[in-house]
Protein chains: 2
Amino acid sequence: MPMLMLKDLPRYECLLEGARQNPDLDPSACEAFLTLLRTGDEVFGVVERRLSEHNLSQGRFSVLMLLWKVCARAPESGCATPARPPTPAELAEAAGVTRATMTGLVDTLERDGLVRREPDPNDRRMMWVQLTPKGEALIKEMLPLHFRMMACLMQPLSETERKTMVKLLNKVLEQASGQRAPAQPN
Amino acid sequence: MPMLMLKDLPRYECLLEGARQNPDLDPSACEAFLTLLRTGDEVFGVVERRLSEHNLSQGRFSVLMLLWKVCARAPESGCATPARPPTPAELAEAAGVTRATMTGLVDTLERDGLVRREPDPNDRRMMWVQLTPKGEALIKEMLPLHFRMMACLMQPLSETERKTMVKLLNKVLEQASGQRAPAQPN
DNA sequence: CAATTGTAGTTAGCCACCTGACTATAAGCC
DNA sequence: GGCTTATAGTCAGGTGGCTAACTACAATTG
């Protein structure tokens, strides 16, 4: 549960009351906003708790996933097979964290024997990161559990409702991404 | 951006491909799950970035909000007015963090002169936490900006879509809360 | 070829989250 | 009244985010 989020969402009447005092408060927007963050936080918490039983966190798990996808890439999957293992910078980019953060993640994963660093023979600035057998065994063990957890969490929604939620969330996602970088002139 | 979340969500075809190899993978559940976390992360990031321009974070802002709600509670708002300022433990409970975390938050807020600690005269274990005038001024300045940001983020959704999203998210929220504490016998 | 510029990885230092242990105090119960 | 138990706040130590600065190396360019 990484972010501090109000545990009890305000009742809608309180939002309406607040809107009467503050013209900037849009009750339905506020409700949607708070519910989104609250739900994301709660779901994230469930995931973290499950992962922590296997000594993992979201971050560590994501790195293992990224590494596993590379080495497990079947030829028929249609995805391009990279010529070499990924570098910390590539992992950071894919995971959406800074290179400094990735250094720390790979440090602890390496300390726990799940991952191995190896210098790139062609560019001495770079490192390659690879799963160890132990890391591969762990991710293979975890994946089915992780998938079942996703299914369990989304079980109250019908197929149609899932599609609807994804559609609505994507609208918000796009808006939020635009907020972050209003223009990418390149 | 507190949580590490894959930046590029997998395409749906890849999920279908994965499901063929792993019977536990439910493609629509997986898509909904990833989109939910990704969107929550992105929205959270927008908020953090805005708040950081005023030297705040989600956590610091939430504490100020909680303190402000107490002292700004108008009699006609219908909410019960507490007899005294909140304690760190109450703030932690309301914000959904541990008491230890709240100690740290109040530490930095007090260091920055936004908040004041005062011993409870009736129970020497407890402290009262209150906004300073500086803290109150800051939250009053921030709130309209914060409300406008919520409205902006939710602007792509119609009123109906917001209601729908809240309804669907609440189903997931309830499921996730149940996951966390399967039974509360009390 | 030498100097500049850019890139990869790390380090240091900050913040906010956690757990677990500790201290002081209050409350309940012989 | 004196144990025991419970509660409030804090501290210690760990993790995972961040930025900014540094080192080593590669690439570009005059």
Side-chain angles (χ1 to χ4, degrees), chain A residues 1-5 7 41 44-45 47-49 51-53 55-64 84-112 114-115 117-129 180, chain B residues 1-5 7 41-42 44-45 47-49 51-53 55-64 84-112 115 117-129 180:
Chain A
M1 279 126 335
M3 60 176 109
L4 192 149
M5 197 46 48
K7 243 185 65 181
D41 190 33
F44 184 78
V47 176
E48 282 276 83
R49 221 163 303 115
L51 290 174
S52 75
E53 293 165 13
N55 242 311
L56 286 180
S57 66
Q58 269 284 352
R60 290 157 65 82
F61 184 71
S62 295
V63 173
L64 295 185
R84 49 157 186 73
T87 67
E90 288 162 352
L91 291 172
E93 165 68 15
V97 297
T98 62
R99 284 175 300 148
T101 298
M102 190 52 66
T103 294
L105 281 172
V106 174
D107 278 350
T108 68
L109 287 169
E110 194 170 34
R111 180 201 61 194
D112 294 350
L114 301 172
V115 137
R117 263 188 264 237
E118 194 177 327
D120 181 330
N122 297 120
D123 187 334
R124 296 205 294 167
R125 289 172 302 182
M126 300 209 227
M127 302 292 282
W128 289 347
V129 184
R180 192 177 50 175
Chain B
M1 281 125 331
M3 62 176 104
L4 192 149
M5 198 46 49
K7 244 183 66 182
D41 191 34
E42 191 71 32
F44 184 79
V47 176
E48 282 275 85
R49 221 164 302 114
L51 290 175
S52 74
E53 294 165 12
N55 241 311
L56 287 180
S57 66
Q58 267 285 349
R60 290 157 65 83
F61 184 73
S62 295
V63 173
L64 296 184
R84 49 156 186 75
T87 67
E90 288 163 351
L91 292 172
E93 165 67 15
V97 298
T98 61
R99 284 175 297 145
T101 298
M102 190 52 66
T103 294
L105 280 173
V106 174
D107 278 350
T108 68
L109 286 169
E110 195 169 34
R111 182 200 60 195
D112 295 349
V115 137
R117 264 188 262 236
E118 193 178 329
D120 180 330
N122 296 121
D123 188 334
R124 296 207 292 169
R125 288 172 304 181
M126 300 210 225
M127 303 291 282
W128 290 347
V129 184
R180 190 178 51 175

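Worth saying up front: this structure is predicted, and the values here are computed from it rather than measured.
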Enquirer: Rounded to the nearest Å, what distance is computed from the CH2 atom of residue B:Trp128 to the P atom of nucleotide D:dA8?
Expert: 15 Å
Enquirer: What is the distance from CG of B:Asp123 to P of C:dA27, rounded to the nearest Å?
Expert: 6 Å
Enquirer: Can you identify which nucleotide, out of D:dA20, D:dC25, D:dT10, has its nearest atom closest to the A:Ala100 side chain?
Expert: D:dA20
Enquirer: Report yes if some heavy atom in the side chain of B:Arg117 is under 4.5 Å from a heavy atom in the side chain of B:Asp107; otherwise report no.
Expert: yes
Enquirer: Please determine, for the side chain of A:Pro88, which listed nucleotide (D:dA8, D:dA26, C:dG9) has the closest atom?
Expert: C:dG9
Enquirer: Let me know, please, whether A:Met126 or A:Gly104 comes out on the 5' side of the other along DNA chain C by nearest nucleotide.
Expert: A:Met126
Enquirer: Would you call A:Val115 and A:Leu64 a side-chain contact if the rule is heavy atoms closer than 4.5 Å?
Expert: yes
Enquirer: Between A:Thr101 and D:dG16, is there a side-chain N or O to OP1/OP2 distance below 4.0 Å?
Expert: no
Enquirer: Any non-hydrogen side-chain atom of B:Asp112 less than 4.5 Å from a side-chain atom of B:Arg60?
Expert: yes
Enquirer: Can you tell me if the side-chain N/O atoms of A:Thr108 get under 4.0 Å from OP1 or OP2 in D:dG16?
Expert: yes
Enquirer: Less than 4.5 Å apart, any side-chain heavy atom of B:Pro88 and any of B:Val129?
Expert: yes
Enquirer: Could you state the atom-to-atom distance from CG of B:Leu105 to P of C:dC17 in whole Å?
Expert: 5 Å
Enquirer: Hey, does the side chain of B:Thr98 come within less than 4.0 Å of C:dC18's phosphate (OP1/OP2), counting only N and O?
Expert: yes
Enquirer: Has the side chain of B:Arg125 got a donor or acceptor atom sitting under 3.5 Å from an opposite partner on the base of D:dT7?
Expert: yes
Enquirer: Is the phosphate of D:dG17 approached by A:Arg60 (side-chain N or O, under 4.0 Å from OP1 or OP2)?
Expert: no
Enquirer: Grab the CG-P distance between A:Leu51 and C:dC17 for me, whole Å please.
Expert: 20 Å
Enquirer: Determine yes or no for a side-chain-to-main-chain donor-acceptor pair under 3.5 angstrom, with A:Gln58 supplying the side chain and A:Glu48 the backbone.
Expert: no
Enquirer: Using heavy-atom distances to pick each residue's nearest nucleotide on DNA chain D, tell me which of A:Arg111 and B:Met127 is more 5'.
Expert: B:Met127
Enquirer: Taking atom P of C:dC17 as reference, at what distance in whole Å does atom CD of B:Gln58 sit?
Expert: 9 Å
Enquirer: What integer distance in Å separates A:Glu93:CD from C:dT7:C1'?
Expert: 14 Å
Enquirer: Mind calculating the distance between CG (A:Asn122) and P (D:dA27) to the nearest angstrom?
Expert: 10 Å
Enquirer: Just to confirm, is there a sub-4.0 Å distance from OP1 or OP2 of C:dC15 to any side-chain nitrogen or oxygen of B:Ser57?
Expert: no
Enquirer: Between D:dG17, D:dA26, C:dC17, which nucleotide gets closest to the side-chain atoms of A:Arg124?
Expert: D:dA26
Enquirer: Base of D:dA8, side chain of B:Arg99 - is there a donor-acceptor contact under 3.5 Å?
Expert: yes
Enquirer: Whole Å only: how far is the CZ atom of B:Phe44 from the P atom of D:dC18?
Expert: 11 Å
